Student: 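Let me begin by handing over the structure; questions about it come next.
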Amino acid sequence: RTVHIWFRPSAISLREVAEQLAAAGYEPAITGEAGRVGLSPAVKALYLRLAVAGFAFGNIMIFSIPRYANGAPLEPAFQRLFDSLNIALAIPVLLFSASGFFGSAWRALRARRVTLDVPVALGLAVMFARSVADIATGAGEGYMDSFTGLVFFLLIGRLLQHKAFDRIAFDRSFRSFLPLSVLVEPAGGQGLVATPLDRVREGDRIVVRPHEIVPADASLDDPGGHGTVDYAFVTGESSPVSVAHGDLVRAGGRAVGRTLRLTVRQRVSHSQLAALWNNPAFAKPKRRWLSDATDTFGVVFTIVAVSLAAIGAAAWWPDARMSLQVATAVLIIACPCAITLAAPITLGTAMEVLGRRGLYLKH
């Protein structure tokens, strides 16, 4: 998402460069603050985990196709070779690609909580251990294809969630809605100078043309006239407000009808708009009811799954082999991978649909 452009100012202006980029479909993201460039380390790590899981999943499926197509065990030499390759490919998925689920489950248990990642991690661990045991004892070829496939699709769900949140991210400051510069009238009155907002000081005379945003708290400096300001962005009031000479014009207002000549009273960072935007009431973290509901469901789901596995194991006892198979089968099948995959896709899609209609959820 980053490009470096060299241009000759004598042949083309910076504005024309930006217009040509926008016409080509790559409108520059111009703000008054440093933006985030490139992928975050967490997303990069997620892509790497997804790549490892996808590579292992695809190759294990290739090694498993002969067994499925044959409908019976292959020749012992080929079966041992394919089983060994499956285990070798699944180990990086267990230790690296699925590490986020195991880490999240461990942190939840240390905090004496049970989240949905706990049964997911339990199901993945049992599936891997059961597969290794089946291969080692010759009881079967295991479920390494299912194990790597589940991890792969779960990571796709998390990636979709990240992309949905990034698309509708609203991590902005009040500076994002102000112009990059403002026209300042020098003391001698010789023309207007485009000045970056950071250099605007108290007492400077600025000129705000129609439809432009007032960048700082200022007073109208026009003895012979009056002006009109639209404060819809600040207060939500749709009716413009008339101001006379000497009246306060607050930052965030939009000039309506005619050009306004103003004298700055407060620096940009000290305006009422900045104080309102940075009010602690808006920074107070809110409880995520959906996360609480998911955690509650995770507790109930884990208790039910473990209980059913224990009941199944007890029902088949003292046949230890069948008892272990029943218990592990229940834990594998009860892994809530589909629910874990469905939640981020559903939430991400809903937030995107709302975003297309102009509704953005900050929490």
Side-chain angles (χ1 to χ4, degrees), residues 39-64 82-111 113-136 140-165 291 294-295 297-299 301-302 305-306 309 324 327-348:
L39 298 175
S40 65
V43 176
K44 287 182 179 179
L46 180 57
Y47 270 111
L48 188 56
R49 291 190 177 96
L50 181 63
V52 171
F55 175 82
F57 176 43
N59 282 277
I60 289 177
M61 286 301 297
I62 291 177
F63 296 143
S64 301
F82 291 155
D83 289 343
S84 300
L85 291 173
N86 286 348
I87 293 177
L89 287 168
I91 288 176
V93 177
L94 175 73
L95 300 180
F96 178 66
S97 297
S99 60
F101 301 103
F102 292 115
S104 177
W106 174 247
R107 288 190 295 271
L109 292 176
R110 287 188 61 183
R113 297 173 56 243
V114 177
T115 64
L116 203 56
D117 282 339
V118 173
V120 170
L122 181 61
L124 293 176
V126 171
M127 186 179 299
F128 180 84
R130 169 77 179 270
S131 300
V132 172
D134 286 350
I135 293 173
E141 66 277 1
Y143 310 97
M144 291 304 185
D145 49 354
S146 299
F147 168 74
T148 53
L150 283 175
V151 175
F152 177 68
F153 289 114
L154 286 172
L155 291 175
I156 287 179
R158 292 207 166 177
L159 179 61
L160 291 176
Q161 186 177 33
H162 275 287
K163 296 177 83 64
F165 289 163
S291 298
T294 302
D295 293 344
F297 175 79
V299 173
F301 190 93
T302 303
V306 173
L324 182 61
T328 55
V330 171
L331 293 176
I332 291 173
I333 295 173
C335 177
C337 300
I339 298 175
T340 306
L341 184 64
I345 293 177
T346 303
L347 288 175

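Please read these numbers as outputs of a predicted model, since none were measured by experiment.
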Student: Taking only residues two or more places apart in sequence, or in another chain, which ones meet Leu46 in a side chain to side chain contact (heavy atoms under 4.5 Å, CB included)?
Tutor: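 Only Leu155, Arg158, Leu159, His162 meet the side chain to side chain contact (heavy atoms under 4.5 Å, CB included) criterion with Leu46.
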Student: Apply ring-ring contact (aromatic ring centres under 6.0 Å, His included) to Phe128 and list each qualifying residue two or more places apart in sequence or on a separate chain.
Tutor: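 ring-ring contact (aromatic ring centres under 6.0 Å, His included) check on Phe128 returns Phe147.
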Student: Once side chain to side chain contact (heavy atoms under 4.5 Å, CB included) is applied, do any residues pair with Val126, and if so which ones, sequence neighbours excluded?
Tutor: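 Partners of Val126 under the side chain to side chain contact (heavy atoms under 4.5 Å, CB included) test: Leu122, Thr328, Leu331, Ile332.
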Student: With Ser99, which residues qualify under side-chain hydrogen bond (donor to acceptor under 3.5 Å, both in side chains), at least two apart?
Tutor: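 Expected list: Arg49.
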Student: Could you list the residues that satisfy side chain to side chain contact (heavy atoms under 4.5 Å, CB included) with Ala125, not counting sequence neighbours?
Tutor: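 With neighbours one apart ignored, the set is Phe102.
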Student: Only pairs at least two apart or in different chains count here, so list each salt bridge (Lys or Arg N to Asp or Glu O under 4.0 Å) that has a residue in residues 92-109.
Tutor: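 Output for this query is empty, none listed.
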Student: Please round to the nearest 0.5 Å and tell me the distance separating atom CH2 of Trp106 and atom CG of Leu109.
Tutor: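 Between atom CH2 of Trp106 and atom CG of Leu109 there are 7.0 Å.
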Student: How far apart are the closest heavy atoms of Val118 and Ala108, and which atoms are they?
Tutor: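 Closest pair (atom of Val118, atom of Ala108, distance): CG2-CB, 4.4 Å.
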Student: How close do Val330 and Ala309 get, heavy atom to heavy atom, and via which atoms?
Tutor: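 Smallest interatomic distance, heavy atoms only, reads CG1-N, 3.8 Å.
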Student: Enter the distance from Met144:CE to Leu94:CG here, rounded to the nearest 0.5 Å.
Tutor: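 With rounding to 0.5 Å, CE (Met144) is 8.5 Å from CG (Leu94).
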Student: So do the side chains of Phe96 and Leu48 get within less than 4.5 Å of each other, counting heavy atoms only?
Tutor: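 When only atoms from C-beta onward are counted, Leu48 and Phe96 do touch, with a gap below 4.5 Å.
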Student: Listed by chain and number, what are the side chain to side chain contact (heavy atoms under 4.5 Å, CB included) partners of Leu89, not counting sequence neighbours?
Tutor: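 With neighbours one apart ignored, the set is Phe55, Ala56, Asn59, Ile60, Phe63.
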Student: What distance do Leu154 atom CG and Asp117 atom CG have between them, rounded to the nearest 0.5 Å?
Tutor: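 Output value for this atom pair is 9.0 Å.
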Student: Kindly compute the distance separating CG (Leu124) from CZ (Phe101), expressed to the nearest 0.5 Å.
Tutor: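 Answer rounded to 0.5 Å: 7.0 Å.
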Student: For Arg130, what residues pass the salt bridge (charged side-chain N to carboxylate O under 4.0 Å, His left out) criterion, not counting sequence neighbours?
Tutor: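 If we apply the salt bridge (charged side-chain N to carboxylate O under 4.0 Å, His left out) test to Arg130, skipping adjacent residues, the hits are Asp134.
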Student: Would you say the side-chain atoms of Ser104 pair up with the backbone N or O of Gly100, donor to acceptor, closer than 3.5 Å?
Tutor: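 Checked: no pair found.
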Student: Sequence neighbours excluded, which residues qualify as salt bridge (charged side-chain N to carboxylate O under 4.0 Å, His left out) partners of Asp145?
Tutor: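 For Asp145 there are no salt bridge (charged side-chain N to carboxylate O under 4.0 Å, His left out) partners, ignoring immediate neighbours.
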